[in-house]
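The chains referred to below are lettered A, B, ... by the order of the sequence lines, with proteins before strands, and numbering in each begins at 1.
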Amino acid sequence: MATVVVNVALKPEILDPQGRAVLGALGRLGLTGVADVRQGKQFVLTIDGEVDDAKLAQINEIAATLLSNPVIEDFTVEVRP
Amino acid sequence: MATVVVNVALKPEILDPQGRAVLGALGRLGLTGVADVRQGKQFVLTIDGEVDDAKLAQINEIAATLLSNPVIEDFTVEVRP
Amino acid sequence: MTPRVGVITFPGSLDDKDAARAVRLAGGESVALWHADADLHSVDAVVLPGGFSYGDYLRCGAIAKFAPVMEKLVDAAKGGLPILGICNGFQVLTESHLLPGALTRNDHLHFICRDQKLRIENNTSVWTSEFSIGDEILIPLKNGEGGYVADEKTLDQLEGDGLVIARYLDVNPNGSRRDIAGITNERGNVVGIMPHPEHAVEKLTGPTTDGLGFFTSILKSLVNDGKVSV
Amino acid sequence: MSVDKVSDAIASPDAPQPFAELGLKQDEYESIRKILGRRPTSSELAMYSVMWSEHCSYKSSKVHLRQFGTKVPKNNSMLVGIGENAGVVDIGDGWAVTFKVESHNHPSYVEPYQGAATGIGGIVRDIISMGARPVAVMDPLRFGDPENPDTRRVLTGIVSGIGGYGNCLGLPNIGGEIVFDSSYQGNPLVNALCVGTMKHEDIHLAKATGLGNAVILYGARTGGDGIGGVSVLASETFDADGPAKRPSVQVGDPFMEKLLIECTLEVLHAGLVEGIQDLGGAGISCATSELASNGEGGMHVWLDRVLLRDSTLSPEEILMSESQERMCAVVEPAKIDAFMAVCKKWDVEAVVIGDVNNSGRLTVEWHGEEIVNVPPRSVAHDGPVYERPYARPDWMDVRQASGPENLVRPSNAAEVRQTWLTMTGTPNLASKGWVTSQYDRYVMGNTVLAQPEDSGMIRVDEETGLGVAVSTDCNARFAALDPYLGAQLAFAESYRNVAVSGAVPLAVTNCLNFGSPEDPAVMWQFEQAVTGLADACLEMGTPVTGGNVSFYNQTGDVAIHPTPVIGVLGVIDHVDRRTPMAWNEDGELIYLLGTTRDELAGSEWAHAIHKHLGGMPPGLDLAAEKNLAEILVAGSRDGMLSAAHDVSDGGIAQTLAEMAMRSGIGARVSVQDGIDPFVWLWSESATRAVVVVNRNVEKHFVAMCEAGKFPITKIGVVDSGLISETGGSSQVLVIDNVYGETISLGIEELRSISEETLPRLFG
Ligand SMILES: Nc1ncnc2c1ncn2[C@@H]1O[C@H](COP(=O)(O)OP(=O)(O)O)[C@@H](O)[C@H]1O
Ligand SMILES: [Mg+2]
C-alpha cells in the first residue's frame, strides 16, 4: 500500500475567488498580516502495492489530464510510502 | 514571509462523493490498483513576518472553525519557512 | 429530410430534454445520444446540454471528456460537424480542447440563476447565422462555474478573429474575462455558450423566445449547406 | 467482538442492555421484551430504538394526527392518502401528482450545508418511491435574528446546500419562504417540499408482496455516517450553549441521487418492480420492516450482503445507518436480471439482500447466524403511542391581552412614507432574490411561475397545458398568539396564494415544527394547530394528503414559535391562463378584494418596528376565503384578470410595492375612505387580494364579485406617466388620501431598498 498525493492549484496569474473570500473572512476574524490566500485541491490516492516508475508516470499523466486543467492549473505529485 | 498550509479532508467515515467520482474515472482511464481516492482542500496562506506560537494558535483556531467543520472534516496545519 | 440534431446525455446531464425540445420547436428532429455509446448515429449536428455531468465534482466537464462518445465527437468536430455546448456542454468543449480557455468558479462564489442580457458579436458561426451583429437578447443564465478565462494572447486572438459570439451586457454575472459569454472556433462549427438559449424558446416558460435563434440558425445552415432539405 | 444472536438472547435473558442510551424508555424496553417473549438481540434493539424514536414512530403526535383521517372532506381526487411515503391526488387526464414537505431542522444547524442538502435528497426519494418523477422543489426556511453573526453561518450554508443539491439534481426550485425571528436562533427550520408527477398506472407503494420475490438494495453504499443521525438527532434538544453533542451528519451526493431517479423511473416503467421504498431515517431497519409490515407475509434478509463503504461496520450499525441515496425494491425472481441491467446502465450498484416469505416474521441473518427475528408490524407500525398531557399555558392570557393598540403609529403623510420605506427593507419583507437567484428555476423547461410569484406553477403536460400550482405559508407569530387560528390562517394564506395564480386548490400537505412534546404547553399548541388545520381542511374540501412532524425544536427549554407550515397544491387546466402578480400596462384598473380591519397583532409592522408580539391574530372566515378563491379562479378562467397578488405580510402597502417592483410601471392608488390610512396600508387582515383588470372587462368582473357578495373596491389605476413630487425616479407609485395628502414612492427607490437588505446582511 502506498499513498500518492496530488496537489492542484490555480496558476498564480488566475484569479482565485475562493482564496480571496477566505482572505476577507480572516480579516474579519482578527487574523492580521495575511498577505494572500490561495485555495487548491488535494487528492489522496491509496494505491495497492508499490508505486514503480511506470505507475508514477501514469499518475503524472492523469494528474495532467484528469485531475488538473493545464490551462488554469498547476499540480505536484508526491509519493508517501 | 512564511507560508502556512492548511489541509482539510473529510473524516474517513464520511462519504466523499468527489473522491468517488475521481475513483470511477481513474478506472475508466486504465489506472488500476487504486484502492481509494479522497479529495480535500488545501489553503495556502502567505503570512507577513514570522509565525510565532500565538499566530499559529490563531491559525489553528481558524482552521477549526472557518476552514473546516469539525463535524465532518479533519485538518492539518503546516508551517513552511 | 428534417435536420437531425443529436443531444448527448451524460450521467448528470440535466437540460438534455430542454435542448431536445428547443430543437423540435425550431423545426428539427432531436436524436438522443448516450455518453457510453461511441456512435453519433449520423446526426447532422450535436448539442452538448447543460447540467452536472458526473456530478461536476472534480472540475466541470473534466470527466465527461473521457466518455466514449466524446472521442467520436472530437473527430467529427475536426471534420466540421456543427456542435453547440451550452453551459456544462461549453465546459466539456473547453476541457476537450475543442475551444480555447476554461470556465472557472464565479467570482462571487455563488451559483447564479438570472435572466441575462447578451449582445451577439458574431453571426458567421453556424449556430448564430440568424442573428445580426449587435442584436441584444435576453436568455436565462444559471451556473456556478461560468467565469471564462484564457491568457491574454488567446483573448486577443479571439477578439481579433471575431470569435467571441456573445458578450454579457449590463452585468457581468460571473467575472468572465472581457465579458465573454460564448465563443466559436475558427471554422465556426463549434460554439460554446454559458447562458441557456434552450430555456428561452417558449413565452410561457422563458423570459423571451430569443434563444430560438441558435436552433433556427443551425437548421438553416444545414439546409443551405445542402446537408438536408426541408 | 462476537455478534449477539437470537440464540444468545434466549440463553442470556438478563444480559444488561443499553436501551436508555439508544433513547428507549424503560417501559418501551419492557414492551419489546413482551413482544419478543425474550430480550431483544442488540440488532433488534437497534431496530426498535430507531423505529420507535419520535421521528419515525410519531408516538407523541399520532393521537392528534388521526383527525386528518377522521375529518376527511368529500373530495374525489385523493388517490393515495396519509400513511404512504407521500399522498397522491388525481389532477385529471390520467395524471396524478404527489407532493410532500419534510423537515431537516436539527442536522441543518449542526452542518448547514449538508443538513439542508440531504433534506432535499430525502424528500425527493419519498416522491420517487411513489413512482413519480420529481418535477420541482420548494424550501420554507426559518432563521434567527438576521443581525446575529451565527445566522450568517446558518443561512449561507443552508441556502448553498439547498442550491447545491437541488441544482445538481435538475429540479427547479419554484418557491419557499424565508422568515427571520429570534425564536429560531438556535434552531433554524429547514423544510423541503417536492412535487412529482405520474400517470395513474405508475403509482407504486411500499409493500413487500409475492412469495419468493427478491428484496434489492440499490444506490449508494452503506457507510457509518449518520448512524442514529436523523432519528436520534431529531429527538434531542440542543443545550442552551450550543451543539454540545455533534453527532455525525450525512453527506449528500446529488449526482448519485440523479442516477437513482433515472434508474428508479426506468425500472418502474419497465414493470420490473412490485414494491418500492426509499431509505431515509432509520435506513435498512425502516425499509425492510415497513415493506414487510405492509405486505402480507414475512421477509428474510442476509445483512452481510449489503455493500459497504466501511467494512468494519457492525450489523447493528448497518441496520441503523442513514447513508443517503439508497432505495429498496421488491422484484420478482424472473425480473432480477433485467433490474440489474438497468442499474448497470446508470452505474448504480445493486444487490439482492433478502426475499419475501410467508413466515410472518422479519428475520435477519449475519454470516449464517440469525440476529433478528421479529414481527415486522411491531417495529414499523405498532410502536408506542403517547397521550401526552397538554394544557393551555397561563401566559397565553397575558400574551393575548397585550395587543398592539398602544404602539406608536404613523399619523401623517410624511410618517407613512417613512414607514413604507422602512418596511420595504425589513429582512422579512425585503426581496429574497439574493437567495432565490442561487436556485435554478428554469431546468426541465416547465416552470410557468416561480419566485417571487405567489405560488410556483409547473406545466405537467406539454400537449394539453395541464399544470399544478403549489404554495407554502405560515405566519408563526399568528400561531404563537393562537395556534388553532394560526394554523388556519397559514392554510388560508397558502390556499389563497394558489387561487391567486388561477389554480383550483385541491390538497394539503404540512410540516408541523414545534418544541418539545414533553412540555404540556407545546403539546397544547400542537393539538390546537392540528385541530385548526383539520377543521379548516374539512370545511374547505381540501384533504391533508401527508406531512411531517418535527418536535424538539427548542434551545434549552425555550421553544420556537409553533410553526405549522402548510403547503397547498392546486390544479390549473391550462397554464396559459395563469395569473401573474404584476400589472402590465397603462390604464389597467386596480381593485382590492376583501375587507380591511384594524388587525395588527402579529403583523410584520408590529414585529419589525416595535419588536412586539401580542394580541389576537386576524379573524378568519373560511366561507369568505373560499368565495374569494372562486372569484380569483373564475377571473382567470374567463380571462378577466391581468394580474393578482395576495395581501398578507406587510399588508396592502407591501402588496402594492411588490406588484410595482415586479412590473416596473407606476400606478396611482387611493386609500379607501372610512378607514385609517395606516391601518389600511399595514393591517394583515385575511382573505384579501389586489387584482388588476382591463377596462373592457371591468363591469363584468365587478358584477361577478357583487353577485358573489364579495367586497370589492376600486383603489387605483396603472399609470406610467406619473411624476414624483420629489423628482428623480421615472416610475412612481402615488398614494392619494393619506391623511389628506398624497405621497409618492419611486419604484427604483423601493427596489433598491428591497434588494439591498439580504446582500448587506449575508453577501
Ligand atoms: N427559500 C425560498 N426558496 C424559494 N423561494 C422563496 C424562498 N423564500 C421566499 N421565496 C419566494 O419569494 C416570494 C415571496 O415570498 P413570500 O413573501 O413569503 O410570499 P407569500 O407571502 O406570497 O407566500 C414567493 O414567491 C416565495 O415562493
Ligand atoms: Mg403571496
Roughly how far, to the nearest 0.5 Å, is [atom2] of [Y] from [atom1] of [X]?
X     : Y      : atom1 : atom2 : result
A/N69 : C/Q91  : CG    : CD    : 11.0 Å
A/I14 : C/R177 : CD1   : CZ    : 8.0 Å
A/Q39 : C/R105 : CD    : CZ    : 7.5 Å

Between A/T65, A/L10, A/V8, A/L15, the one whose heavy-atom pairs under 4.5 Å with chain C are most numerous: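 Highest number of pairs under 4.5 Å: A/T65.
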Which of residues 44-65 of chain C get closer than 4.5 angstrom to chain A, counting heavy atoms alone?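 Residues of residues 44-65 of chain C touching chain A at under 4.5 Å: C/L58, C/R59, C/A62, C/I63, C/K65.
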Can you say whether [X] sits under 4.5 Å from chain C via the side chain, the backbone, both, or neither, judging by heavy atoms?
X     : answer
A/I72 : side chain
A/E73 : side chain
A/K11 : neither

Which region of C/D151, side chain (C-beta onward) or backbone (N, CA, C, O), has a non-hydrogen atom less than 4.5 Å from a non-hydrogen atom of chain A, or is it both or neither?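 C/D151 has no heavy atom closer than 4.5 Å to chain A.
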Part of C/T154 lying under 4.5 Å from any heavy atom of chain A: neither
For C/F131, which residues count as a ring-ring contact (aromatic ring centres under 6.0 Å, His included) partner, sequence neighbours excluded? C/F214
Any chance [atom1] of [X] has more than 12 other-residue heavy atoms, nucleotides or ligands included, within less than 6.0 Å?
X     : atom1 : answer
C/E71 : CD    : no
A/E50 : CD    : no
A/D52 : CG    : yes

Check C/L109 against A/Q18 and note the closest heavy-atom contact, atom names and distance. CD2-CG, 3.4 Å
